Colleague: 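Quick one: this structure, given as structure tokens, is what I'll be asking you about.
What you see below is based on every heavy atom in this structure, not just the backbone, and it leaves out hydrogens, waters and symmetry mates. No experiment lies behind these values; they were computed from the predicted model shown. Throughout, protein chains are lettered first and strands after them, A, B, ... in sequence-line order, and every chain is numbered starting at 1.
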Number of protein chains: 2
Amino acid sequence: MKTDSSTTYEWIKQLQTCGYRVTAARQTIVELLVSSTHALSPIEIYDLGRKEYPALGLVTVYRTLERLDELGLIQRVHMPDGCHRYLRATQGHQHLLLCTCCGQVEMFEGDDLSKLTQRVEDTTGYHIQDHWLQLFGLCPRCTSQSRQ
Amino acid sequence: MKTDSSTTYEWIKQLQTCGYRVTAARQTIVELLVSSTHALSPIEIYDLGRKEYPALGLVTVYRTLERLDELGLIQRVHMPDGCHRYLRATQGHQHLLLCTCCGQVEMFEGDDLSKLTQRVEDTTGYHIQDHWLQLFGLCPRCTSQSRQ
DNA sequence: CCTCATAATGAAAATGATTTTCATTATGGT
DNA sequence: ACCATAATGAAAATCATTTTCATTATGAGG
């Protein structure tokens, strides 16, 4: 298991390798995403980030998220209202599970969808590029609270 | 196979049964959704609808979509940019397939996700309420065009 | 058919997320 | 240390969606 700081270092190094400059804003944003256990919205990153680096601008948050997404370091979570949250990318056949009550986002080890994808390609003639599989429900805490 | 007009009639009747009034705006919107082969955006419904009924307002489109969604007559399609399109609801384990090039939306007969859902409930303690499974790719026409 | 409570409507304004513009600043190769 | 230019932040623009509110039209009851 890697520590957060070493992951932060690797992300920064990867940005550098790809020709991007290392800036205070980017380091702040990367640290937040690396250490967060749940998916963050741009505004949350902006607010948390300014505690660390007050000059941080919201636009920079959006631009940095775009870069990190391009590099495959983070993934977007599509919320039902259409806005987005961001989470460290995971490897393997992981999918998203969102609590509709508290907003908590978790990953679960999901099915390998390649068989399904292949079948859909064969039957529809589409060339599949990407998929979304997200489950929505109540997390254990919200489930027990709603039972009261 | 039902004709479009009889489906339109049924949807209107269902609105009525649920205590909603039958209005020209609603009939126009229902007709469009019943007869469309692809998912429509609110603006598209607004523009198409005004050809039939020029007084139609965009807000009414949004409100009617909300009603039809509540009644389970239509389903929302979540686009990558976060906005929504709407499509007649389908029965069974149908899922969405979107062309990333031309925007065409199709349904495919997908897996029954109840086994996966059950497993996720067991392992995470979540109470699953809903799921999104959408595939993205190039439709046959766009695939052949991009090969030129 | 007429009346009337109120559901439904449309226009305009508000909201909120995201993007664009642009002048200024700061990184990193030389 | 210099400098081209990548990156930044502020402000304005955009775009989908929602709210507000005064007006209109549906449909139940007489």
Side-chain angles (χ1 to χ4, degrees), chain A residues 9 11-32 39-71 74-87 103, chain B residues 11-32 39-71 74 76-87 103:
Chain A
Y9 173 73
W11 286 27
I12 293 294
K13 208 172 72 177
Q14 192 157 349
L15 279 167
Q16 214 165 15
T17 304
C18 295
Y20 298 118
R21 293 181 180 174
V22 177
T23 66
R26 284 177 177 168
Q27 294 194 60
T28 304
I29 294 166
V30 164
E31 266 164 34
L32 284 171
L40 297 168
S41 67
I43 285 286
E44 281 173 355
I45 294 171
Y46 176 59
D47 288 337
L48 291 169
R50 276 182 306 170
K51 291 182 185 169
E52 175 83 11
Y53 177 60
L56 181 65
L58 181 57
V59 184
T60 301
V61 172
Y62 276 97
R63 282 187 286 226
T64 302
L65 290 170
E66 211 176 306
R67 292 290 118 71
L68 295 174
D69 192 29
E70 278 165 25
L71 298 181
I74 58 173
Q75 64 187 307
R76 301 177 100 185
V77 177
H78 303 268
M79 306 302 289
D81 66 358
C83 53
H84 298 113
R85 292 174 163 271
Y86 295 85
L87 199 62
Chain B
W11 287 26
I12 293 294
K13 209 174 70 178
Q14 191 155 349
L15 279 167
Q16 214 165 15
T17 304
C18 296
Y20 298 119
R21 293 181 178 173
V22 177
T23 66
R26 284 177 177 169
Q27 294 193 62
T28 305
I29 294 166
V30 164
E31 266 164 34
L32 285 171
L40 297 168
S41 66
I43 285 286
E44 281 172 356
I45 294 171
Y46 177 58
D47 288 336
L48 291 170
R50 276 182 305 169
K51 292 182 184 168
E52 175 83 11
Y53 176 61
L56 181 64
L58 181 56
V59 183
T60 300
V61 172
Y62 276 97
R63 283 187 285 226
T64 301
L65 289 170
E66 212 176 305
R67 292 288 120 71
L68 296 173
D69 192 29
E70 279 165 23
L71 297 181
I74 58 172
R76 301 178 100 185
V77 177
H78 303 267
M79 306 302 289
D81 65 358
C83 53
H84 298 114
R85 293 176 162 270
Y86 295 85
L87 198 62

Colleague: Tell me whether the side-chain N or O atoms of B/Arg21 pair up with the base of C/dA8 as donor and acceptor below 3.5 Å, since no angle test is needed here.
Modeller: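 Answer is no: no donor-acceptor pair is held.
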Colleague: Remember a base hit wins even if backbone is also touched, and classify B/Leu56 as base, sugar-phosphate or nothing at under 4.0 Å, heavy atoms.
Modeller: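 If one applies the 4.0 Å heavy-atom cut-off, B/Leu56 turns out to touch the sugar-phosphate alone, with no base involved.
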Colleague: Starting from the 5' end of DNA chain D, give me the residue, B/Gly82 or B/Ala24, whose nearest nucleotide shows up first.
Modeller: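 Looking at DNA chain D, the more 5' nearest nucleotide goes with B/Gly82.
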Colleague: Whole angstrom is fine here: how far is it from CD in B/Glu44 over to P in D/dC15?
Modeller: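 Answer to the nearest Å: 15 Å.
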Colleague: What pair of heavy atoms forms the shortest contact from A/Leu40 to A/Leu32, and how long is it?
Modeller: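 What the structure gives for the nearest pair is CD1-O, 4.0 Å.
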Colleague: Using OP1 and OP2 only, check whether a side-chain N or O of A/His84 sits under 4.0 Å from C/dT18.
Modeller: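 For C/dT18, OP1 or OP2 has a side-chain N or O of A/His84 closer than 4.0 Å.
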Colleague: Which heavy atom of B/Tyr86 sits nearest a heavy atom of B/Pro42, and at what distance?
Modeller: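 Scanning both residues completely, I find the closest heavy atoms to be CE1-CG, 4.0 Å.
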Colleague: Can any side-chain N or O of A/Thr60 pair as donor or acceptor with the backbone N or O of A/Leu56 at less than 3.5 Å?
Modeller: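 Such a contact is absent between A/Thr60 side chain and A/Leu56 backbone.
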Colleague: Measure across A/Arg21 and A/Arg26 and return the closest heavy-atom pair with its distance rounded to 0.1 Å.
Modeller: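 So the two residues come closest at O-NH1, 2.8 Å.
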Colleague: Just the rounded figure in Å: distance from P of D/dT17 to NE2 of B/His78.
Modeller: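 Nearest whole value for this atom pair: 11 Å.
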Colleague: Would you say the side-chain atoms of A/Glu70 and A/Tyr20 include a donor-acceptor pair closer than 3.5 Å?
Modeller: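 Looking only at side-chain atoms, A/Tyr20 and A/Glu70 do form a donor-acceptor pair, the distance falling under 3.5 Å.
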Colleague: Can you tell me if the side-chain N/O atoms of A/Arg26 get under 4.0 Å from OP1 or OP2 in C/dT27?
Modeller: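 No.
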Colleague: Tell me the interatomic distance from B/Asp81, atom CG, to C/dG16, atom P, rounded to whole angstroms.
Modeller: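 My rounded result for the distance is 20 Å.
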Colleague: Nearest whole angstrom, please: distance from the P of D/dT26 to the CZ of B/Arg67.
Modeller: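 Value for this atom pair: 17 Å.
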Colleague: Using whole Å, what does the distance between atom P of nucleotide C/dA17 and atom CG of A/Asp47 come to?
Modeller: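 My rounded result for the distance is 11 Å.
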Colleague: Taking atom C1' of D/dT14 as reference, at what distance in whole Å does atom CG of A/Leu58 sit?
Modeller: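 Computing the A/Leu58:CG to D/dT14:C1' distance gives 15 Å.
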Colleague: Looking at every strand, decide which applies to A/Tyr46 at a 4.0 Å heavy-atom threshold: base, sugar-phosphate, or nothing.
Modeller: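 Answer is nothing: A/Tyr46 stays at 4.0 Å or more from every strand.
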Colleague: Output the single nucleotide from D/dT19, C/dT9, D/dT17 whose closest atom is nearest the side chain of B/Val59.
Modeller: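 Closest of the options to the side chain of B/Val59: D/dT19.
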Colleague: Looking only at side-chain N and O atoms, does B/Thr23 come under 4.0 Å of OP1 or OP2 in D/dT26?
Modeller: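 So the side-chain polar atoms of B/Thr23 never come under 4.0 Å of the phosphate oxygens OP1 or OP2 of D/dT26.
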Colleague: B/Tyr86 OH to D/dA16 C1': how many Å, rounded?
Modeller: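 Value for this atom pair: 10 Å.
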Colleague: Within this structure, what is the CD-to-C1' distance between B/Glu66 and C/dA7, rounded to whole angstrom?
Modeller: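 It works out to 15 Å between those atoms.
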Colleague: Go nucleotide by nucleotide along DNA chain C from the 5' end; which of A/Tyr20 and B/Arg63 gets its closest nucleotide reached first?
Modeller: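 Looking at DNA chain C, the more 5' nearest nucleotide goes with B/Arg63.
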Colleague: When you measure from the side-chain N and O atoms of A/Tyr62 to the phosphate of C/dT19, is any distance below 4.0 Å, counting only OP1 and OP2?
Modeller: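 No, outside the criterion.
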